[in-house]
Amino acid sequence: MTNTSTIFRLSDIRRTYKVGSEYVHAMDGVDLEIDDREFIAVIGTSGSGKSTLMHTLGFMDSPTSGQMVFEGNDVSSISRGERALLRASRIGFIFQAFNLLPRLTVIDNVLLPLTYSRKVVEDKHSAGMAALERVGMSHRYSHTPNQLSGGERQRVAIARALINQPRLILADEPTGNLDSKNRGRIMELFSSLLDEGITLALVTHDDEVAEYAHRRIRMQDGKIIEDSRK
């Protein structure tokens, strides 16, 4: 795989929380470059800093100090509103628990991100159906989440992450609630997204899932202790 550009650069990123009288260094001097169309697995034990890293990449949290450059722009000190806009328009999220709204149909769940972004889409229904087609779920567009299997719900969650044509998709333990058969299908689907110009970073505790990635980043005590490529 040939990477043509760096889309995200973190330089000496630190995130410190105060818990009672103690300070917790969730990220402690993290340096990281993510290239276009990379598939990265972030691994580590609970409390290692991997979730804080993902929240930072997704503009859901701001570092205490350090520099962040996204798509060539310094985003270290942007406002909450600017972070929200980037999160809605350039980042796709996939969660372990799927986070689908049970009262909405499949297609209405997929279309939700369009509500939060400022992207103008003339035919939202067609866009939603196209996203569902990409994950093989267009035939279930009118169903509700409780009518779907775990693997089907995860595919719908992936379609929702794709609806705004993001540059980067972040997945937090995306196969944790799936059996081995569906886990393999979802990971193969993730791998296929790279050919569509998408960069993918996932958090996992599963070494078998991490094997699908082209790059493995291991965190411990808020630091990156391993950064290896296949």
Side-chain angles (χ1 to χ4, degrees), residues 1 3 6-70 74-77 83 86-87 91-99 154 161 166-178 180 183-184 186-187 190-191 193-194 198-230:
M1 182 180 63
N3 296 306
T6 297
I7 66 167
F8 223 133
R9 180 181 293 109
L10 304 182
S11 301
D12 195 24
I13 293 295
R14 300 174 186 274
R15 184 65 172 100
T16 303
Y17 301 93
K18 188 174 183 181
V19 180
S21 60
E22 301 292 325
Y23 288 92
V24 177
H25 302 289
M27 285 200 295
D28 190 8
V30 169
D31 295 309
L32 177 65
E33 290 189 3
I34 299 176
D35 290 334
D36 188 39
R37 301 190 186 193
E38 273 200 307
F39 185 175
I40 296 174
V42 182
I43 57 180
T45 58
S46 178
S48 63
K50 61 185 187 298
S51 292
T52 303
L53 173 61
M54 295 293 273
H55 290 163
T56 300
L57 293 172
F59 300 103
M60 292 185 287
D61 196 5
S62 296
T64 304
S65 64
Q67 184 184 46
M68 297 172 57
V69 177
F70 179 60
D74 191 328
V75 294
S76 308
S77 302
R83 291 201 308 270
L86 278 175
R87 189 166 60 242
I91 310 292
F93 294 93
I94 303 167
F95 301 96
Q96 178 178 356
F98 317 128
N99 287 12
Q154 191 60 291
R167 186 75 185 278
L168 173 66
I169 286 183
L170 304 173
D172 189 3
E173 297 283 4
T175 61
N177 288 324
L178 304 180
S180 59
R183 179 177 60 189
I186 293 301
M187 294 311 300
F190 281 161
S191 297
L193 297 178
L194 305 178
I198 292 172
T199 301
L200 179 65
L202 64 84
V203 164
T204 183
H205 68 276
D206 190 328
D207 285 337
E208 289 185 16
V209 169
E211 279 299 312
Y212 283 87
H214 304 122
R215 182 179 177 191
R216 178 192 296 246
I217 293 171
R218 185 181 298 276
M219 297 196 69
Q220 180 178 304
D221 299 327
K223 300 177 182 291
I224 293 175
I225 62 169
E226 176 190 345
D227 187 349
S228 58
R229 289 180 170 88
K230 286 186 178 179

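Start at 1 with the first residue, then count along the sequence. The structure presented is a predicted model; accordingly, all values stated were derived computationally and were not measured.
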Do M187 and L178 touch side chain to side chain, with heavy atoms closer than 4.5 Å? no
Would you call K230 and E211 a side-chain contact if the rule is heavy atoms closer than 4.5 Å? yes
Quick one: salt bridge (charged side-chain N to carboxylate O under 4.0 Å, His left out) partners of D31, sequence neighbours excluded? none
Taking only residues at least two apart or on different chains, which pairs with a member in residues 44-58 satisfy salt bridge (Lys or Arg N to Asp or Glu O under 4.0 Å)? none
Among all residues two or more places apart in sequence or in another chain, which pass the salt bridge (charged side-chain N to carboxylate O under 4.0 Å, His left out) test with D172? none
With S46, which residues qualify under side chain to side chain contact (heavy atoms under 4.5 Å, CB included), at least two apart? none
Can a donor-acceptor pair be found, under 3.5 Å and without considering hydrogens, that links the side chain of T64 to the backbone of T16? yes
Separation between CD1 of I40 and CE of M54, rounded to the nearest 0.5 Å: 9.0 Å
With distance as the sole test, does T6 use its side chain to make a donor-acceptor pair with the main-chain N or O of D35 at under 3.5 Å? no
What ring-ring contact (aromatic ring centres under 6.0 Å, His included) pairs are there with at least one residue in residues 7-31, not counting sequence neighbours? F8-F59, F8-F70
Please check if the side chain of R15 supplies one atom and the backbone of S62 the other of a donor-acceptor pair under 3.5 Å. yes
Please name the residue in the list L170, V203, L57 that meets the side chain to side chain contact (heavy atoms under 4.5 Å, CB included) test with V42. V203
For the CZ atom of F39 and the CD1 atom of I169, what is their distance to the nearest 0.5 Å? 10.5 Å
Partner set under salt bridge (charged side-chain N to carboxylate O under 4.0 Å, His left out) for D221, not counting sequence neighbours: none
Check the pair E38, R229 against side-chain contact (heavy atoms from CB on, under 4.5 Å), reporting the backbone distance first and the verdict last. CA-CA 10 Å; E38 273 200 307; R229 289 180 170 88; 3.2 Å; yes
Scanning both residues in full, the closest heavy-atom pair of A161 with F93 reads CB-O, 3.6 Å
I'd like to know if the side chain of Q154 and the backbone of P174 have a donor-acceptor N/O pair within less than 3.5 Å. yes
Flag side-chain contact, heavy atom, 4.5 Å: V30 against M219: yes
If you apply the rule side-chain contact (heavy atoms from CB on, under 4.5 Å), what do you find for D207 with R216, and how did you get there? CA-CA 10 Å; D207 285 337; R216 178 192 296 246; 3.5 Å; yes
To the nearest 0.5 Å, what is the distance between OG1 on T204 and OH on Y212? 11.5 Å
Listed by chain and number, what are the side chain to side chain donor-acceptor pair (under 3.5 Å) partners of S21, not counting sequence neighbours? none
List the atom of G66, the atom of I13, and the distance in Å for their closest heavy-atom pair. C-CD1, 3.8 Å
If the condition is side chain to side chain donor-acceptor pair (under 3.5 Å), which residues does R183 pass it with, not counting sequence neighbours? D206, E208
D12: which residues meet the salt bridge (charged side-chain N to carboxylate O under 4.0 Å, His left out) condition with it, sequence neighbours left out? R14
Please name the pair of heavy atoms, one in I34 and one in R215, separated by the smallest distance, quoted to 0.1 Å. CA-NH1, 4.2 Å
I'd like to check the side chain to side chain donor-acceptor pair (under 3.5 Å) partners of E173; sequence neighbours left out, ordered by chain and number. H205
Taking only residues two or more places apart in sequence or in another chain, which ones pass side chain to side chain contact (heavy atoms under 4.5 Å, CB included) with T45? S48
Any chance you could measure T199, atom OG1, to D36, atom CG, to the nearest 0.5 Å? 4.5 Å
From CA spacing to verdict: side-chain contact (heavy atoms from CB on, under 4.5 Å), L10, M27: CA-CA 11 Å; L10 304 182; M27 285 200 295; 5.5 Å; no
CG-CD1 distance between L202 and I186, expressed to the nearest 0.5 angstrom: 12.0 Å
Those residues that, when tested against N177, pass side chain to side chain donor-acceptor pair (under 3.5 Å) (two or more places apart): none
I need the I7 CD1 to L168 CG distance, nearest 0.5 Å. 5.0 Å
